[in-house]
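Residue numbering restarts at 1 for every chain, and letters A, B, ... go by the order of the sequence lines. What you are looking at is a predicted structure, and each value in this text was computed from that prediction instead of being measured.
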Amino acid sequence: MALDVNEVGQIAHLARLAVGDEDSQDHARNLSNILAFVERLSAVDTTGVEPMAHPLEMTQRLRPDEVTEPNEREQFQALAPLTEHGHYLVPRVIE
Amino acid sequence: MQWEAVIGLELHAQLATQTKIFSGASTAYGAQANTQACAIDLGMPGMLPVLNETAVNYAIRLGLALDADVAGRSVFARKNYFYPDLPKGYQISQYELPVVGQGHLDIDLEDGSRKRIGVTRAHLEEDAGKSLHEGFTAMSGIDLNRAGTPLLEIVSEPDLRSAKEAVAYMKKMHSLVRYLRICDGNMQEGSFRCDANVSVRPVGQVAFGTRAELKNLNSFRFVERAINFEIERQIELLEDGGRVIQETRLFDSDRGVTRSMRGKEEANDYRYFPDPDLLPLEITAQQIEAVRAELPELPDTKQARFVSDYGLNHYDAAVLTSHRELADYFEAVLTHCNDAKLAANWVMGDLSGALNKAGLEITESPVSEVALAGLLARIADETISGKIAKEVFEAMWQGEGDADAVIAARGLEQVKDSGAIEALVEQVIAANPDQLEQYRAGKTKLMGFFVGQVMKASQGKANPQQVNDILKRRLDG
Amino acid sequence: MHDRTIAELSAALDRGELSSVELTRATLAAMETGSALNAFITMTPDIALAEAKAADKARAKGKATALTGIPIAHKDIFCTAGVRTSCGSRMLDNFAPPYDAFVVAQMRAAGAVMVGKTNMDEFAMGSSNETSWYGPVQNPWDTRCVPGGSSGGSAAAVAARLVPGATGTDTGGSIRQPAALTGISGLKPTYGRVSRYGMIAFASSLDQAGPMAQSAEDLAIMLGAMAGFDPRDSTCVDQPVPNYQAGLEGANLKGLKVGLPREYFAADGVDDEVTQAIAAAVETLREQGAEIRDISLPNTELAVPVYYVIAPAEASSNLSRFDGVRYGHRCEAPKDLEDLYKRSRAEGFGEEVKRRIMVGTYALSAGYFDAYYLKAQKVRRMIRDDFAQAFESVDVIVGPTAPSTAFSMGAKSDDPVQMYLSDIFTIAANLAGLPALSIPAGMGAGRPVGLQFIGNHFAESTLLRAAHAYQQCTDWHTRQPGEEG
């Protein structure tokens with residue numbers, strides 16, 4: 001499955017990664033190689049086989065509906081690049 | 001060309017749990033920004049989701065109330081996209097295997113008939129945070145308090161055919177989630193939200209037309225206006241030879257129009273896959289039965305019972321059962337009063353009117369069930385007339401005491417002594433010789449005038465029936 | 001002092017031969033002396049000395065356990081409260097979480113002394129520790145060679161005897177392969193045995209934390225502290241933790257049914273020196289009474305492609321949270337939201353991480369999900385079933401951990417697929433969620449060769465006993481770099 005730079009651009013956009021033109025070529029080549037490598041899976045007969053999302057046959061545990069987390073805003077926002085009035089700031093989004 | 005509208009609604013009910021769906025942070029409304037966003041809600045590195053058991057119970061309750069399949073096994077999936085109010089860069093939702101499957105909700109149409117609206121599915125997911133676009137110079141401010149609040153997304157079949165049907169369905173679902181106590185239904189606070197999928201097709205065509213998705217419909221009125229506008233817009237477009245584009249549109253409530261959303265809504269590839277941090281949710285038959293045992297009487301059952309047990313008409317029963325608290329109040333009144341019709345009129349009329357004017361919920365009524373029943377008893381035993389009762393009610397509302405106290409304090413007891421009434425009648429006749437002559441000459445409509453004068457002379461306390469009888473005898477005789 | 005194992009050091013501390021403070025000081029000094037290896041991203045001398053003092057006090061009160069006062073390093077993927085946790089990435093160079101990972105808290109509660117955070121492949125993606133923002137780690141056996149990855153820093157630190165033990169994580173072999181390449185012992189527990197809370201996620205259904213040390217006995221001691229139930233991780237299992245150390249008592253190989261997968265032993269691309277060393281190790285097992293059996297794991301060849309669909313897919317989603325908004329790297333003067341995301345992430349992530357995010361995004365995208373992701377999950381089940389079948393007739397499965405000894409820096413870094421094939425023997429255990437360990441079992445061209453044992457779910461005791469028994473009659477695990485001719 002060979003990818004071209006356009007497809008690389010689309011994937012990079014979905015993944016929100018800025019990819020320069022030069023890098024696009026490298027990525028196209030690398031991705032194509034990796035995809036060629038995993039291509040052999042398509043030849044495997046998996047009729048009747050259920051996909052396995054987890055190695056263990058377990059089901060989800062439930063948590064009681066009780067408040068356990070206190071307000072730790074100051075601690076968390078000390079890690080933030082940009083905040084104001086307790087809000088995280090990003091370039092304005094037009095909706 | 002005759003057109004038919006096809007509408008499906010996606011309703012989001014914020015579940016009234018204490019904590020988020022995947023973390024132990026509080027969901028209380030109105031907190032300062034980011035004071036209820038813990039490390040899990042913030043999507044901090046290494047943090048993992050753990051499922052809230054009450055959110056699951058609430059989903060089961062809804063499933064049972066919609067007569068739907070509750071999945072024995074359902075799976076949480078990641079919906080991947082980038083937006084500042086979505087801290088992990090994905091929303092944990094359910095995709096192929098939702099917790100609630102096919103069900104239905106019956107709605108009452110304006111012509112009195114019932115229509116069954118299919119519910120395709122309902123699934124659990126987490127809410128996103130909020131973005132504020134004002135108040136930060138050239139920036140948007142993100143508040144993640146709401147991130148992680150449990151939502152039930154309820155998807156209807158495209159069975160609705162008009163804005164009115166859509167609103168009826170939405171109101172019924174709104175009432176239901178409040179009945180079930182799984183959601184407070186506060187639309188101003190965003191606890192109950194609606195997206196509508198709207199398309200049109202020529203009458204008789206089986207295939208669906210292209211649909212537009214309307215977002216940002218946060219009141220019943222907006223839903224109705226937006227859908228009506230959109231139906232018109234699409235019909236006009238198609239009749240002009242254009243094509244409807246599948247897109248998301250926002251409702252601009254100021255101008256009453258829908259407009260296309262830009263930016264966020266490029267074709268989004270959500271890359272759904274089962275969330276590897278969560279395991280499949282198993283719900284056993286025992287769990288379902290345990291939830292079923294705790295279900296309250298549902299609106300439709302209660303409505304039918306009000307009709308059969310209390311002899312109410314369909315409409316009155318529907319109004320009284322639209323809110324569980326209202327129905328409970330009404331039935332409590334009936335434990336002290338056995339005139340269901342009278343009680344219904346007063347609860348739906350004067351009481352509800354006063355509550356609305358004061359902006360109070362029925363549970364905050366200054367006139368209790370017992371007090372109202374006491375007032376109704378005095379109407380029933382003719383101590384006071386219906387008209388005087390309104391004055392008594394007003395006084396009770398203001399806290400002047402129960403019905404008997406007010407009647408006594410203000411001397412409002414009805415005058416039923418025929419001697420006293422006859423004396424008043426004589427008084428009025430004597431004072432109005434011209435009208436008497438006119439009446440006797442044939443203007444029988446003046447009876448109303450005489451009745452009014454006698455009532456006035458008695459300060460409204462004379463028994464109206466007796467007044468009528470005595471006057472008639474006196475005037476005709 | 002440092003050549004001693006955790007068990008030996010613990011005994012020495014008990015005897016009063018030295019204090020934890022002295023031991024910690026010596027450890028910190030060794031870390032400085034050995035800094036050219038670049039095994040550490042952050043050293044924590046103040047915390048270490050405070051914890052050492054506390055350990056000495058606890059010991060004086062008679063409350064010491066096997067890890068009390070023992071210096072331990074943590075792979076920089078484990079969140080450590082107030083201490084930088086970089087995951088080997090520029091993205092988190094400025095990140096010091098306000099919480100501890102479960103593993104870190106457990107080790108502290110057991111009395112271990114944290115001396116620092118070790119270097120690793122960025123976001124655990126790599127098999128050579130060449131993708132770290134903080135530069136490559138050197139293999140103490142040959143500093144022109146890689147130590148393996150992604151837990152390369154932990155491996156090098158233990159191999160060079162800078163610390164007696166270190167924590168690592170293993171998603172496709174990232175504990176076992178570096179252990180093999182640096183001549184130490186490393187264990188990946190059963191999936192769900194150790195809580196992933198506070199462990200920065202790479203591929204959630206494959207990641208497991210585990211110990212790295214000089215001997216199976218030390219692994220047993222560390223695992224006993226690291227394992228345990230944690231309600232904050234939905235995927236961890238609520239099962240009692242055995243006393244792994246006590247369980248080593250009387251360990252021997254007699255009658256142990258050892259399976260040798262013919263696909264492992266007929267594989268292309270395995271260096272001769274590895275083949276020879278492993279053959280000799282198998283002979284030793286046989287001599288010690290193990291019953292060697294030929295088994296088949298028919299879908300062996302598919303493990304690497306399956307992994308390279310599933311792991312990047314999960315990673316692409318797990319790494320979406322790194323967006324410059326709430327923590328971590330943020331680009332300068334973003335002109336709009338798209339620019340904020342794209343530049344922050346492009347600047348914050350290295351090439352291998354970007355590559356895997358792209359592969360993963362592609363594998364999940366519309367039109368490709370069924371062909372790639374779903375298909376891989378089906379083959380994953382087939383691989384798991386191969387093992388289930390094999391364990392009906394054997395107790396453990398044995399083979400080489402890696403197809404070669406430590407390779408030169410730069411040798412494989414230009415060809416991702418070549419690099420991925422380093423994981424050919426280790427990956428299947430992650431896919432199937434099985435426990436596996438690697439211990440030194442020979443040398444090839446002056447560099448260590450690792451022998452891998454794979455066990456059934458929750459059979460860590462069986463693995464540790466077998467490895468311990470092997471280490472009682474061999475001395476590969478005592479060899480140190482610089483001693484070999």
What distance do C:S320 atom OG and B:L86 atom CG have between them, rounded to the nearest 0.5 Å? 9.0 Å
Minimum heavy-atom separation for B:L42 and C:Y327, please, with both atom names. O-CE2, 4.2 Å
B:Y83 side, atom OH; C:L337 side, atom CG - distance, nearest 0.5 Å: 7.5 Å
Measure distances from C:T361 to the heavy atoms of chain B and classify the residue's part below 4.5 Å as side chain, backbone, both or neither. both
Apply the test side chain to side chain donor-acceptor pair (under 3.5 Å) to residues B:R271 and C:S365: give CA-CA distance (whole Å), side-chain angles for both, the deciding distance (0.1 Å), then the verdict. CA-CA 5 Å; B:R271 288 157 280 138; C:S365 64; over 6 Å; no
Under 4.5 Å from a heavy atom of chain C, the part of B:F82 involved: both
Contact part of C:L374 toward chain B, heavy-atom cut-off under 4.5 Å: side chain, backbone, both or neither? neither
Pick from B:I40, B:V50, B:I142, B:L51 with the largest number of heavy-atom pairs that fall under 4.5 Å of chain C: B:V50
Under 3.5 Å donor-acceptor, C:R326 side chain and B:P87 backbone: yes
Residue by residue, scan residues 19-32 of chain B and write down, ordered by number, those that have a heavy-atom distance under 4.5 Å to chain C; if none do, write 'none'. none
Quick one: which of B:G43, B:P45, B:G89 has the most heavy-atom pairs under 4.5 Å with chain C, could you say? B:P45
Heavy-atom pair of closest approach, residues C:R330 and B:M139: NH2-CE, 3.9 Å
Using a 4.5 Å cut-off on heavy atoms from C-beta on, say whether the side chain of C:P98 contacts that of B:M44. yes
Checking B:N80 against chain C: side chain, backbone, both or neither under 4.5 Å from a heavy atom? side chain
Does any heavy atom of chain C fall under 4.5 Å from the side chain of B:A39, the backbone, both, or neither of them? side chain
Should we say atom OH of B:Y95 is surrounded by more than 12 heavy atoms from elsewhere, each under 6.0 Å from it? no
So, do B:F273 and C:F369 have ring centers that fall under 6.0 Å from each other? no
Proximity breakdown for C:F322 and chain B, heavy-atom pairs closer than 4.5 Å: side chain
Most contacts with chain B, counted as non-hydrogen pairs under 4.5 angstrom, among C:A363, C:S317, C:A203, C:A313: C:S317
Measure across B:L279 and C:T235 and return the closest heavy-atom pair with its distance rounded to 0.1 Å. CD1-CA, 4.3 Å
How close do B:M47 and C:R321 get, heavy atom to heavy atom, and via which atoms? O-NH1, 4.1 Å
Looking at every non-hydrogen atom in both residues, tell me the closest pair between C:R196 and B:P276 and how far apart they are. NH2-O, 4.2 Å
What residue, out of C:N318, C:L92, C:D323, has the most heavy-atom pairs lying under 4.5 Å from chain B? C:N318
Within this structure, what is the CG-OG distance for the pair B:D277 and C:S205, rounded to the nearest 0.5 Å? 9.5 Å
Engaged part of C:A366 at the chain B interface, taking heavy atoms whose separation is under 4.5 Å: both
